[in-house]
Amino acid sequence: MRAARGVTAAVFLMVMGQQAVAADLAQAGSVPQAGASVTEAPSPWQIRLRGLGVVTEDSGYVKAVPGSDLSYSNTGTPELDISYFFTDNIAAELILGTTYANIGGQGAIGGLGKIGKVWMLPPTLTLQYYVTSFGAFKPYVGAGVNYTIFYNQDVGSADALKVRNTFGAALQVGFDYMVDQHWGVNFDVKKLFLKPDFDVTVDGAKLTGKAALDPWLIGAGVTYRF
């Protein structure tokens with residue numbers, strides 16, 4: 001009987017010991033080891049802040065004035081954009097910024113000099129495709145639509161000037177170089193196809209025309225991925 005009790009006690013202790021060891025191993029497996037890296041999935045939201053150069057095309061005309069042409073000043077401005085990533089490769093970007101353009105006469109209306117000045121707010125929405133096979137270097141292309149609002153319109157040699165708000169297409173190419181999971185540097189080039197109509201009054205004569213600005217937007221700045 002003593003031998004049976006001893007064997008029974010030994011078996012009980014062995015079973016309990018195995019269960020305790022198994023529990024310890026399971027707990028150890030669920031706790032990250034010291035020094036192990038934990039990679040979190042990136043947020044779908046991203047912002048950029050760029051310094052932007054706006055380079056316009058010098059083209060346009062006043063109807064009923066043969067040989068008329070127009071020119072526009074180039075400017076610089078800050079730009080903020082907000083991106084949302086649907087996948088690692090597909091994102092939508094909303095581009096926000098404002099700048100101005102001085103409008104001058106050329107050709108047959110070169111004698112008018114500075115016709116006026118307008119401020120532009122051109123929010124632009126693009127759909128982008130990112131190439132993600134180059135590690136920290138992430139090039140992309142995009143295409144979308146722009147709606148430009150013209151405001152604070154002042155006259156120069158003209159008596160009155162009204163540039164009309166308009167839609168236009170947008171193309172884009174650029175890249176991010178990510179320094180770490182959140183921060184990176186960005187270079188970006190956009191082309192806006194922007195040809196607003198305008199009304200102008202010069203020496204009491206009311207005229208209409210088209211301003212073919214078609215600006216290049218060339219920017220560089222910083223990227224932050226949440």
Side-chain angles (χ1 to χ4, degrees), residues 42-60 70-86 90-104 114-130 136-154 156 161 163-196 198 211-226:
S43 165
W45 292 100
Q46 177 178 279
I47 61 172
R48 295 189 185 97
L49 181 63
R50 302 187 185 103
L52 194 68
V54 182
V55 182
T56 58
E57 301 283 344
D58 288 333
S59 183
L70 297 171
S71 66
Y72 320 98
S73 59
N74 301 324
T75 59
T77 187
E79 179 195 78
L80 172 70
D81 73 59
I82 304 168
S83 299
Y84 183 86
F85 283 78
F86 302 101
I90 304 296
E93 180 185 63
L94 178 63
I95 303 157
L96 302 170
T98 188
T99 188
Y100 67 90
N102 293 312
I103 304 174
K114 179 182 174 180
I115 297 171
K117 175 182 177 180
V118 297
W119 281 84
M120 301 176 288
L121 178 65
T124 304
L125 181 64
T126 61
L127 186 65
Q128 302 169 315
Y129 179 80
Y130 283 76
F137 178 67
K138 302 183 183 299
Y140 58 85
V141 294
V145 64
N146 159 266
Y147 183 73
T148 299
I149 301 167
F150 297 92
Y151 66 100
N152 283 0
Q153 304 189 41
D154 299 321
L161 176 66
V163 183
R164 301 189 177 279
N165 301 341
T166 188
F167 282 98
L171 297 177
Q172 179 183 36
V173 63
F175 68 85
D176 290 309
Y177 186 85
M178 301 305 295
V179 178
D180 59 27
Q181 185 178 357
H182 296 289
W183 291 98
V185 294
N186 174 261
F187 180 76
D188 183 270
V189 177
K190 289 180 287 292
K191 176 68 171 179
L192 303 185
F193 297 92
L194 189 61
K195 295 179 172 64
F198 65 86
L213 291 98
D214 291 342
W216 290 93
L217 310 181
I218 304 169
V222 295
T223 297
Y224 182 78
R225 183 77 177 264
F226 289 93

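Computed over heavy atoms, backbone and side chain alike; hydrogens, waters and symmetry mates excluded.
- Separating the CD atom in E93 from the CD atom in Q172 is a distance of 4.5 Å, to the nearest 0.5 Å.
- For T126 (side chain) and Q128 (main-chain N/O), no donor-acceptor pair under 3.5 Å exists by modelled atom type.
- Aromatic ring centres of Y130 and F85 lie closer together than 6.0 Å.
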For W45 and Y84, run ring-ring contact (aromatic ring centres under 6.0 Å, His included): C-alpha distance rounded to whole Å, both residues' side-chain angles, the deciding distance at 0.1 Å, then the answer. CA-CA 5 Å; W45 292 100; Y84 183 86; 4.8 Å; yes

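- Side-chain contact of N146 with T124: a donor-acceptor pair under 3.5 Å is present, judged by distance alone.
- A side-chain donor from one of Y140 and D188 sits under 3.5 Å from a side-chain acceptor of the other.
- Judged by distance alone, with hydrogens and angles left aside, the side-chain atoms of N186 form no donor-acceptor pair with the main-chain N or O of Y177 at under 3.5 Å.
- Of all non-hydrogen atoms in L192 and P122, the two that sit nearest each other are CD1-CB, 4.5 Å.
- Taking the six-membered ring for Trp and the full ring otherwise, the centers of W183 and Y224 sit less than 6.0 Å from each other.
- We find the CZ-CG distance between F150 and L121 to be 10.5 Å, quoted to the nearest 0.5 Å.
- Counting all heavy atoms, side chain and backbone alike, M120 lies closest to A101 at CE-CB, 4.0 Å.
- A donor-acceptor pair under 3.5 Å is absent between the side-chain atoms of E79 and the main chain of I95, judged by distance alone.
- With rounding to the nearest 0.5 angstrom, the CH2 atom of W119 is 10.5 Å from the CG atom of D154.
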side-chain contact (heavy atoms from CB on, under 4.5 Å), that's the test. Do F226 and I47 meet it? Break it down for me. CA-CA 8 Å; F226 289 93; I47 61 172; 3.9 Å; yes

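- One distance of note links CD1 of I103 with CG of L70; it measures 7.0 Å at 0.5 Å rounding.
- Listed for the T77 side chain is no donor-acceptor partner under 3.5 Å among the backbone atoms of L52.
- Rounded to the nearest 0.5 angstrom, T166 OG1 and I149 CD1 are separated by 11.5 Å.
- With hydrogens and angles ignored, the 3.5 Å screen pairs a side-chain donor or acceptor of D58 with a backbone N or O of Y72.
- Scanning all heavy atoms of the two residues, the minimum distance from S73 to T56 falls at O-OG1, 3.9 Å.
- When atom types are taken as modelled, the side chain of D214 and the backbone of L194 share a donor-acceptor pair closer than 3.5 angstrom.
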